[in-house]
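A short write-up of the structure that comes next.
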Amino acid sequence: MKYLSQDQAPVMEALQKMKTARLVPFDVPGHKRGRGNAALTDFLGARCLDVDVNSMKMLDNLCHPVSVIKDAEILAAEAFGAKNAYFMVGGTTSAVQAMVLAAAKRGEKIIMPRNVHRSAINALILSGAIPVYVNPETDERLGISLGMKVTEVQRAIAENPDAKAILVNNPTYYGICSNLVAITKLAHDNNMLLLADEAHGTHLYFGDDLPVAAMRVGADMAAVSVHKSGGSLTQSSLLLTGENVDPGYMHQIINITQTTSGSYLLMVSLDISRRNLALNGKEIFAKVSDMAEYARNEINTLGDYYAYGEEIVNGDSIYDFDKTKLAVFTRPTGLAGVEVYDILRDEYDIQIEFGDIANCLAYVSVGDRPKDIERLVAALSEIRRNYRKDPTKMLKAEYIAPQVICPPQEAFYAEKETMPIKESAGRVAGEFVMCYPPGIPVLAPGEKITADIIDYIRYAKKKGCQMTGTVDMNVKNINVLREE
């Protein structure tokens, strides 16, 4: 049996060996190690284009890994405490979709919070599975949806004992964590799989004094965005699975939607990042936590802003808080989070992750420096001083509980007609409407459009949120189910 160590990077080592072989490429990609596209080589660099290659014997094949990719996945599984790990080159979107497709077939139920990423609902459109939504509690002050209460999960199970799985966000975009230990036990006690969307939770596997990671408590599957907080290239991700998931079947599910031309740039970035996290992750995320905590304390001395942290934990709907998340409540300044987001970018050359109508999020991770934190805090101080407005007329509602009329797949493929969003109250949506980021739908296919939802969409657009999801690129019209 081959001995593997966390200080190895099998994909990187195979690419280095390939480069020394001086191969003459009569395969794809057509740029032939960059020689056929000088402008691209000048922009990205020869070292990058030299390893943008296709599958070959010495490099293994992502669709059916048996050598170097398999070795890299074994090391990833070990580092993350999983039975198996799969390199995903379609982002965590593809990993979430693979989890849902593997867990629930057409007509079967899956319990999930409504504040899921659109990828989970898109997976329901593909599979025909039926969502059982657990509407999260809302923090009325902050205007954010929270985690799933254990009692609400118990109720959903009691009402739907035939459900096949439970999906949990761990953590949410805002750093909120549900009681993952209790919910995992509930799932397994009722013969259900536990799936975790850990798009924002790579660091939970390596840092100290952070919320628990899904695979550490016996979850069956977890989708992990290594590129978000772990340092790999954008679009590279991992799907982790436990003892109860058949690896051969999981490969079949992944190959339904994942490309047959896996990018070695993405795979090698996963391989190198895993090695770095396994060897240095504890130290890295101690620094990240310290930077985020320092930023929180500094921002909270400015006035009006509220950078929330572990003090909001209530042991239930906020069972734990990811202290690396730097989320800032902006409404007391009279500015929506998205307005602060825009000012930071346009006036201060600071690009944060996103802003909604009451909060903004600065993503603090492995590549940040203390001086960057200082610049952000100084900019927020100036924005408060120069742009502050009366906050009393700001919209307070953030999460609106959906009225589900029919399953997402049925609605998405139904006969539809187009009408102005402002006139659509009472109709059933045939497509998504959401602010992106974070990509949590305001409306999903099959949900009833209400006056509150229309008001929210209008307000979010006015404040500058990037609205997406509709066929109409201007998000003025919406496809609704045709009435008989």
Practice problem: For the pair Y174 and F354, name the ring-plane relationship: parallel under 30°, tilted 30 to 60°, perpendicular over 60°. | Solution: perpendicular
Exercise. Please step through side-chain contact (heavy atoms from CB on, under 4.5 Å) for the pair I256 and L126, ending with a clear verdict.
Key: CA-CA 11 Å; I256 290 173; L126 293 173; over 6 Å; no
Practice problem: Determine whether more than 12 heavy atoms belonging to other residues, nucleotides or ligands lie under 6.0 Å from atom NZ of K109. | Solution: yes
Quiz item: Is a side-chain donor or acceptor of E423 paired with a backbone partner of P420 at a separation under 3.5 angstrom?
Solution: no
Practice problem: Look at atom OH of Y319 and say whether more than 12 heavy atoms of other residues, nucleotides or ligands are closer to it than 6.0 Å. | Solution: no
Quiz item: Without hydrogens or angle criteria, can the side chains of N314 and S317 be said to hold a donor-acceptor pair below 3.5 Å?
Solution: yes
Self-check item: Within 6.0 Å of NZ in K185, more than 12 heavy atoms from elsewhere
Solution: no
Practice problem: Evaluate the criterion side-chain hydrogen bond (donor to acceptor under 3.5 Å, both in side chains) for residue pair T324 and D322; output intermediate values, then yes/no. | Solution: CA-CA 6 Å; T324 71; D322 174 11; 2.9 Å; yes
Self-check item: Pair Q258-Y86, side-chain donor/acceptor within less than 3.5 Å
Solution: no
Self-check item: S229 versus H203, closest heavy-atom pair with distance
Solution: OG-ND1, 3.0 Å
Quiz item: With no hydrogens and no angle check, do the side chains of E353 and Y173 hold a donor and an acceptor under 3.5 Å apart?
Solution: yes
Quiz item: Is the count of non-hydrogen atoms from other residues, nucleotides or ligands lying under 6.0 Å from R155 atom CZ greater than 12?
Solution: yes
Exercise. State, to 0.1 Å, how close Y306 and I312 come at their nearest heavy-atom pair, and which atoms those are.
Key: OH-CG2, 3.4 Å
Quiz item: Are K416 and E431 close enough for a salt bridge, meaning some N to O gap below 4.0 Å?
Solution: no
Practice problem: Locate the shortest heavy-atom distance separating H251 from C63; write the atom from each residue and the value. | Solution: ND1-O, 4.2 Å
Quiz item: Could you give the distance from CZ (R106) to CD1 (I130), rounded to the nearest 0.5 Å?
Solution: 8.5 Å
Exercise. Considering non-hydrogen atoms only, spot the tightest contact between A72 and F87 and give its length.
Key: CB-CZ, 3.6 Å
Self-check item: Lys/Arg-Asp/Glu bridge criterion (N-O < 4.0 Å) met for E447, R427
Solution: no
Exercise. Taking all non-hydrogen atoms of both residues into account, name the closest pair between V366 and G230 and its distance.
Key: CG2-C, 4.5 Å
Using residues 473-480 as the side-chain source, report each donor-acceptor pair under 3.5 Å to any protein atom, sequence neighbours left out, with the distance given to one decimal.
{"from": "N477", "atom 1": "ND2", "to": "D472", "atom 2": "OD2", "distance (Å)": "3.4"}
{"from": "N479", "atom 1": "OD1", "to": "T418", "atom 2": "OG1", "distance (Å)": "2.5"}

Quiz prompt | Test item: T241 side-chain N/O and V245 main-chain N/O as donor-acceptor pair under 3.5 Å | solution = no
Quiz item: Should E78 and R274 count as an ion pair when the cut-off is N to O under 4.0 Å?
Solution: no
Quiz item: When you look at D220 and H188, which way does the side-chain hydrogen bond (donor to acceptor under 3.5 Å, both in side chains) test go after all the steps?
Solution: CA-CA 9 Å; D220 299 291; H188 291 165; 2.8 Å; yes
Self-check item: Basic-acidic side-chain contact under 4.0 Å: E137, K149
Solution: yes
Exercise. Before accepting this row, confirm whether a basic side-chain N of the pair K463/D356 lies closer than 4.0 Å to the acidic partner's carboxylate O.
Key: no
Self-check item: side-chain contact (heavy atoms from CB on, under 4.5 Å) between C435 and M467, worked out
Solution: CA-CA 5 Å; C435 299; M467 306 300 291; 3.3 Å; yes
Self-check item: Side-chain donor-acceptor contact under 3.5 Å, N169 with H117
Solution: no
Quiz item: Do the side-chain N and O atoms of S273 and S232 include a donor-acceptor pair separated by under 3.5 angstrom?
Solution: no
Exercise. Give, for atom SG of C177 and atom CG of L204, the distance between the pair rounded to the nearest 0.5 Å.
Key: 6.5 Å
Practice problem: Go through the steps for Q351 and Y341 under the test side-chain hydrogen bond (donor to acceptor under 3.5 Å, both in side chains), then give the verdict. | Solution: CA-CA 7 Å; Q351 181 64 59; Y341 169 98; 3.0 Å; yes
Self-check item: Of I144, T138, L146, the residue whose pairing with L142 passes side-chain contact (heavy atoms from CB on, under 4.5 Å)
Solution: I144
Exercise. Apply side-chain contact (heavy atoms from CB on, under 4.5 Å) to the pair I454 and I457, showing each step before the final yes or no.
Key: CA-CA 5 Å; I454 294 171; I457 293 170; 5.6 Å; no
Practice problem: Dump the intermediate steps for salt bridge (Lys or Arg N to Asp or Glu O under 4.0 Å) on E339 and K389, then the final yes or no. | Solution: CA-CA 12 Å; E339 291 176 302; K389 297 186 292 190; 3.5 Å; yes
Quiz item: Counting only heavy atoms not in E140, do more than 12 sit closer than 6.0 Å to its CD atom?
Solution: no
Self-check item: Shortest non-hydrogen contact between T202 and S225, atoms and distance
Solution: OG1-O, 2.8 Å
Practice problem: Using the six-membered ring of Y205, assess whether NZ or CZ of R216 lies under 6.0 Å from its centre and within 45 degrees of the ring axis. | Solution: no
Quiz item: Taking atom CD of E415 as the centre, does the number of heavy atoms from other residues, nucleotides or ligands within less than 6.0 Å exceed 12?
Solution: no
Self-check item: side-chain contact (heavy atoms from CB on, under 4.5 Å) between Y387 and T333, intermediate numbers included
Solution: CA-CA 8 Å; Y387 292 92; T333 67; over 6 Å; no
Quiz item: Are there more than 12 heavy atoms of other residues, nucleotides or ligands under 6.0 Å from atom CZ of F412?
Solution: no
